[in-house]
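Accompanying notes for the structure given below.
Within every chain, numbering begins at 1; the chains are lettered A, B, ... in the order of the sequence lines, protein sequences first and strands thereafter.
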2 protein chains.
Amino acid sequence: MRLTSFTDFGLRMLMRMAGDPSRAFSSAELAADLGLSRNHLAKIIQHLARAGLIDTWRGGGGGAMLARSAAEIRLGQIIRLLEEGQPLVECFGTEGGTCSIEARCRLKTRLRSAEAAFLADLDRSTLADIALAPQEKSAGTLVVPQ
Amino acid sequence: MRLTSFTDFGLRMLMRMAGDPSRAFSSAELAADLGLSRNHLAKIIQHLARAGLIDTWRGGGGGAMLARSAAEIRLGQIIRLLEEGQPLVECFGTEGGTCSIEARCRLKTRLRSAEAAFLADLDRSTLADIALAPQEKSAGTLVVPQ
DNA sequence: TGGAATGGGTATTTACAATACCTATTAGCA
DNA sequence: TGCTAATAGGTATTGTAAATACCCATTCCA
């Protein structure tokens, strides 16, 4: 049982944006922040933008920003979106007609139910619950820039 | 969100064995039945045998057979076993120490909870519930062997 | 109008699931 | 009690798709 790194990275990006929802993040900044390639991140941003979860602006001072309040975005919704087209088992896919036991298979129902339970559990939380607060300097310790 | 075909095939094999629990299935028979390569299936059989879910015998007339009643084997247990070493996200793996937000990450808890919900839902059913009855000839129709 | 940012297509790499091959082991039988 | 047939089980190879890199068009701001 595995989520793609596409989803993994997408979630971390959103967590970061949710931690500072009033400003736009450039893909370069997010990439540096998370230690990932800008190009790869850009793909994820596009996907999220197309789905209306974030807004993006080109040009100088552009970037990406949550389109809605983080408290209104449920985690299940995010995962559903990022894992789009990733069937739990092959026969759940668009061309999964190769199963020899199709008609007699009582497994599919159980798997769908379990998948739903997974997402329902995630839907109990919102993006606001996992927002990543801006890096905090440890209190009481003076940080001396070198 | 995806299960490996290793798991997929393993489940179908077990469904088949549960449908006729009193006899041993050779890997060749199961492979032919499910339309898969014998070698691949053998790997799965080995894994299940090592975990004590099935018993195997070598030599002429050998094969594999459920070690316990199908009603005692919960689906979650099977999936946990077959998906062993397949972390939901990279940082759940054995060497997932590369995450830059480790300490501040509030996502992990939610994912673990959702994963548990997934398995718990499956645990509501047993292998007996999805046993694959031996291929049934349509009633009233005489099947003439060629 | 130039620079900075995203959009989005294409090409490449790489990891690992899936498969094939080969050897060791076992049980039945002559 | 050796011989044969069948399976278990290990190792090597292949294939596929995710992950990554690269490039250029487009857009907006200063």
query = What pairs of residues pass the ring pair (Phe, Tyr, Trp, His ring centres under 6.0 Å) test when at least one of them lies in residues 28-47 of chain B, not counting sequence neighbours?
reply = B:Phe6-B:His47, B:Phe9-B:His40
note = ring pair (Phe, Tyr, Trp, His ring centres under 6.0 Å) pairs touching residues 11-35 of chain B, sequence neighbours excluded, are none
ask   = In degrees, rounded to 10°, what is the bend between the two ends of the helix from C:dT1-D:dA30 to C:dA30-D:dT1, using five pairs at each?
value = 10°
task = Figure out the CZ/C1' separation between A:Phe9 and D:dA18, and round it to whole Å.
result = 11 Å
message = Whole angstroms only, please: what is the CD1-C1' distance between B:Ile54 and D:dA8?
response = 11 Å
inquiry  = Holding to side-chain contact (heavy atoms from CB on, under 4.5 Å), I want the full list of residues that pass it with B:Ala128, two or more places apart in sequence or in another chain.
reply    = B:Ala70, B:Ala71, B:Thr126
inquiry  = Is the phosphate of D:dA8 approached by B:Thr56 (side-chain N or O, under 4.0 Å from OP1 or OP2)?
reply    = no
request  = Output all residues satisfying salt bridge (charged side-chain N to carboxylate O under 4.0 Å, His left out) with A:Arg112, sequence neighbours left out; order by chain, then residue number.
outcome  = none
ask   = Has B:Arg68 got more than 12 heavy atoms of other residues, nucleotides or ligands less than 6.0 Å from its CZ?
value = yes
ask   = Is there a donor-acceptor pair under 3.5 Å between the side chain of B:Ser26 and the backbone N or O of B:Glu29?
value = yes
task = Go through the structure and list residues passing salt bridge (charged side-chain N to carboxylate O under 4.0 Å, His left out) with B:Glu72, not counting sequence neighbours.
result = none
inquiry  = The criterion is side-chain contact (heavy atoms from CB on, under 4.5 Å); which residues satisfy it with B:Ala117, sequence neighbours excluded?
reply    = A:Asp121
task = Could you tell me whether B:Phe25 contacts a base, only the sugar-phosphate backbone, or nothing, with contacts defined as non-hydrogen atoms closer than 4.0 Å?
result = nothing
inquiry  = So, using side-chain contact (heavy atoms from CB on, under 4.5 Å) as the criterion, who are the partners of A:Asp123 when residues are at least two apart?
reply    = A:Arg74, A:Arg80
Check: protein-nucleotides 21-25 of chain D nitrogen or oxygen pairs below 3.5 Å:
| residue | atom | partner | partner atom | Å |
| --- | --- | --- | --- | --- |
| D:dA21 | OP2 | A:Ser37 | OG | 3.2 |
| D:dA21 | N6 | A:Lys43 | NZ | 3.2 |
| D:dC22 | N4 | A:Asn39 | OD1 | 3.3 |

query = Within this structure, what is the CG-to-P distance between A:Asp55 and D:dT27, rounded to whole angstrom?
reply = 18 Å
inquiry  = If you assign A:Arg2 and A:Gly62 each to the DNA chain C nucleotide with the nearest heavy atom, which residue ends up on the more 5' nucleotide?
reply    = A:Gly62
task = Shoot me the first and last contacting nucleotide of DNA chain C against chain A, ordered 5' to 3', at under 4.0 angstrom to non-hydrogen atoms.
result = C:dA4 to C:dT10
request  = To the nearest Å, give me how far apart CD (A:Glu90) and P (D:dT16) are.
outcome  = 13 Å
key: salt bridge (charged side-chain N to carboxylate O under 4.0 Å, His left out) partners for A:Asp20, two or more places apart   = A:Arg23
ask   = Between B:Ser27 and D:dT7, is there a side-chain N or O to OP1/OP2 distance below 4.0 Å?
value = no
request  = Let me know the distance between CG of B:Leu48 and C1' of D:dA8, rounded to the nearest Å.
outcome  = 14 Å
ask   = When we call it a touch if two heavy atoms are under 4.0 Å apart, what does B:Gln86 touch: a base, just sugar-phosphate, or nothing?
value = sugar-phosphate
remark   = Those residues at least two apart in sequence (or on a different chain) that pass salt bridge (charged side-chain N to carboxylate O under 4.0 Å, His left out) with B:Asp129 are none
